[in-house]
Amino acid sequence: MQVTYSDLKNKIVLVTGATRGIGKEIVKNLASQGAHVVFNYREGKEAVAEELKKELMALGAANATGLMFDVSNGEQIKTAIDSFSKDFGPISGLVNNAGISKDTLILRLKESDIQEILDTNLKGAILVAQALSRGFLRAENVSIVNVSSVVGLMGNASQVAYAASKAGLLGFTKSMAKELASKNVRCNAICPGFIATDMTDALDEKVKEVYLSQIPLTRFGSANEVANLTSFLLSQASAYITGEIIKIDGGLYI
Ligand code: NAP
């Protein structure tokens, strides 16, 4: 099921980490709403980006533009966004979706892994929002959606750095909402529970069974369901919602 939001037509929305999983479903949803979809991919994924562009145009995107950058690299982000904005004007929607997890007990967690998780999941989101901020002041009805996780609210064994990065995103979300509300910029966070993607496919079957037994709705969520919530938050249907944290977890953390 997909709800259509008429104001998303021609809206310019950047989605980070759009090559797979939840990010890919978000850009597909936006394309079918007629948005100008700006999808982020990493160096080495040019062929994937080329295919994705075709797929998004076929779904009805007003336009589809790929931006190559690593979210942990401030220079790459700035170069890509400045060049895009010169050609197409300011971006008015942002989904900070790119993220990684490296699940392991704290005793085995390497310093380099802590750095990579925080740089990608937390610093990356702040850097991308920062690079877009000047443009946000010239754009209308700006909405930012940060993809956090229920783990950022409830914590999880073997995910100390990941959970810390996702909890950090919530502080960023609320501060950004307060700082830019007077400029009509909204900022919200979503906290998915267990959503079936490559990230969760990597988990041990036993771990999956344990999760499933804790979900009141007795199933994992789909990336499509997360995409629907994201489109709602990007649209003016949610115009009076900012600084909010919305769980989408089948009741996992009630
Ligand atoms: P996924 O299938 O592993 O996809 C992750 C995406 O992020 C890929 O497109 C990946 O690009 C991109 N990415 C990773 N590091 C990046 C970087 N440094 N710069 C740019 N792009 C980068 O993950 P997912 O399950 O769709 O998760 C998407 C988001 O939802 C993440 O923030 C995750 O933490 C969050 N989340 C997921 C779940 C879940 O159950 N799946 C639950 C809660 C929260 P490449 O293709 O180049 O690797």
Side-chain angles (χ1 to χ4, degrees), residues 14-29 38-52 66-77 80-81 94-103 112-113 115-128 131 144-156 159 161-170 172-173 189-203 207-208 210-212 214-215 217 219-227 229-230 245-250 252-253:
L14 168 62
V15 181
T16 65
T19 49
R20 294 186 278 126
I22 292 172
K24 186 167 182 187
E25 280 307 309
I26 292 172
V27 288
K28 281 166 62 182
N29 187 304
V38 188
F39 59 94
N40 157 244
Y41 64 96
R42 286 198 277 190
E43 195 172 8
K45 293 282 165 86
E46 290 75 11
V48 177
E50 206 46 53
E51 276 311 301
L52 183 58
L67 294 190
M68 195 277 285
F69 58 81
D70 186 308
V71 294
S72 63
N73 184 324
E75 266 314 302
Q76 279 187 8
I77 294 169
I81 288 176
L94 166 64
V95 184
N96 275 315
N97 165 77
I100 54 166
S101 72
K102 290 177 180 235
D103 301 355
S112 56
D113 288 342
Q115 191 70 55
E116 195 185 345
I117 291 167
L118 294 175
D119 281 356
T120 306
N121 298 3
L122 182 56
K123 185 183 89 172
I126 301 173
L127 284 176
V128 176
I144 304 165
V145 180
N146 292 320
V147 183
S148 177
S149 166
V150 279
V151 160
L153 294 168
M154 63 193 256
N156 202 18
Q159 290 195 314
Y162 179 76
S165 72
K166 293 300 184 179
L169 273 181
L170 304 180
F172 163 55
T173 300
I190 61 172
C191 290
F194 196 111
I195 309 298
T197 67
D198 290 351
M199 190 180 270
T200 47
D201 272 356
L203 293 174
V207 175
K208 286 189 205 175
V210 172
Y211 272 118
L212 199 52
Q214 293 168 355
I215 300 172
L217 286 181
R219 66 174 177 87
F220 299 142
S222 72
N224 181 43
E225 288 169 317
V226 179
L229 173 60
T230 304
I245 293 161
I246 302 177
K247 286 179 284 153
I248 172 161
D249 67 348
L252 173 64
Y253 187 46

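In each ligand, atom 1 is the first atom listed, and ligand 1 is the first ligand listed. Computed over heavy atoms, backbone and side chain alike; hydrogens, waters and symmetry mates excluded. Not measured: the values here are computed from a predicted model.
In terms of protein heavy-atom proximity, atom 2 (O) of ligand 1 is closest to Arg20 NH1, 3.6 Å. Protein heavy atom closest to atom 45 (P) of ligand 1, with residue, atom name and distance, is Lys45 NZ, 3.3 Å. Protein heavy atom in closest approach to atom 26 (O) of ligand 1: Ile22 N, 2.8 Å. Among all non-hydrogen protein atoms, the one lying nearest atom 44 (C) of ligand 1 is Ser148 O, 3.2 Å. Among protein heavy atoms, atom 24 (P) of ligand 1 sits closest to Thr197 OG1, 3.6 Å. Looking at atom 32 (O) of ligand 1, its nearest protein heavy atom turns out to be Asn97 O, 2.7 Å. Closest to atom 40 (O) of ligand 1, if we only count protein heavy atoms, is Ile195 N, 2.7 Å. Among protein heavy atoms, atom 5 (C) of ligand 1 sits closest to Gly99 O, 3.8 Å.
Side-chain contact between Cys191 and Tyr253 is absent, with no heavy-atom pair separated by less than 4.5 Å. In this structure, Glu225 and Ile248 have side chains that are in contact, with non-hydrogen atoms separated by less than 4.5 Å. The shortest distance between side-chain heavy atoms of Leu127 and Val71 does not fall below 4.5 Å. Two residues are said to be in side-chain contact when any heavy atoms from C-beta on lie closer than 4.5 Å; Arg42 and Thr16 fail this criterion. Taking the side chain as every heavy atom from C-beta outward, Ile215 and Asp249 never approach each other to under 4.5 Å. Between Asn96 and Leu169 the shortest side-chain heavy-atom distance does not fall below 4.5 Å.
Inclusion of Val71 in the set of residues having an N or O under 3.5 Å from an N or O of ligand 1 is warranted. Distances between N or O atoms of Arg42 and those of ligand 1 include at least one value under 3.5 Å.
The shortest heavy-atom contact between Asn121 and Lys166 is ND2-CE, 4.1 Å. Smallest separation of non-hydrogen atoms from Ser148 and Pro192: O-CD, 3.3 Å.
Between the side chains of Ser222 and Asn224, no donor-acceptor pair of N or O atoms lies under 3.5 Å.
Remark: Phe220 engages Phe194 in a ring pair (Phe, Tyr, Trp, His ring centres under 6.0 Å) (not counting sequence neighbours). Asn97 is linked by a side-chain hydrogen bond (donor to acceptor under 3.5 Å, both in side chains) to nothing, counting only residues two or more places apart in sequence or in another chain.
Around atom CD of Glu46, more than 12 heavy atoms belonging to other residues, nucleotides or ligands sit under 6.0 Å away.
Counting atoms of ligand 1 from 1 in the listed order, those under 4.0 Å from a heavy atom of Gly21 are 2 (O), 26 (O). Each of the atoms 20 (C), 21 (N) of ligand 1 lies under 4.0 Å from some heavy atom of Asn40. Which parts of ligand 1 touch Thr120 is read off a 4.0 Å heavy-atom cut-off, strictly below it: atoms 15 (N), 16 (C), 18 (N). Against a heavy-atom cut-off of under 4.0 Å, Asp198 is close to the following atoms of ligand 1: 2 (O). Close approach of ligand 1 to Phe194 (heavy-atom distance below 4.0 Å) involves ligand atoms 40 (O). Interface atoms of ligand 1 facing Ile100, defined by a heavy-atom separation under 4.0 Å, are 14 (C), 15 (N).
Residue Thr200 touches ligand 1 through its side chain alone, judged by heavy-atom distances below 4.0 Å. Only the side chain of Tyr162 comes within contact range of ligand 1, with a heavy atom under 4.0 Å; no backbone atom does.
The closest heavy-atom contact to atom 38 (C) of ligand 1, among the options Gly193, Ala98, Gly124, comes from Gly193.
For Lys166, the heavy-atom gap to ligand 1 drops under 4.0 angstrom.
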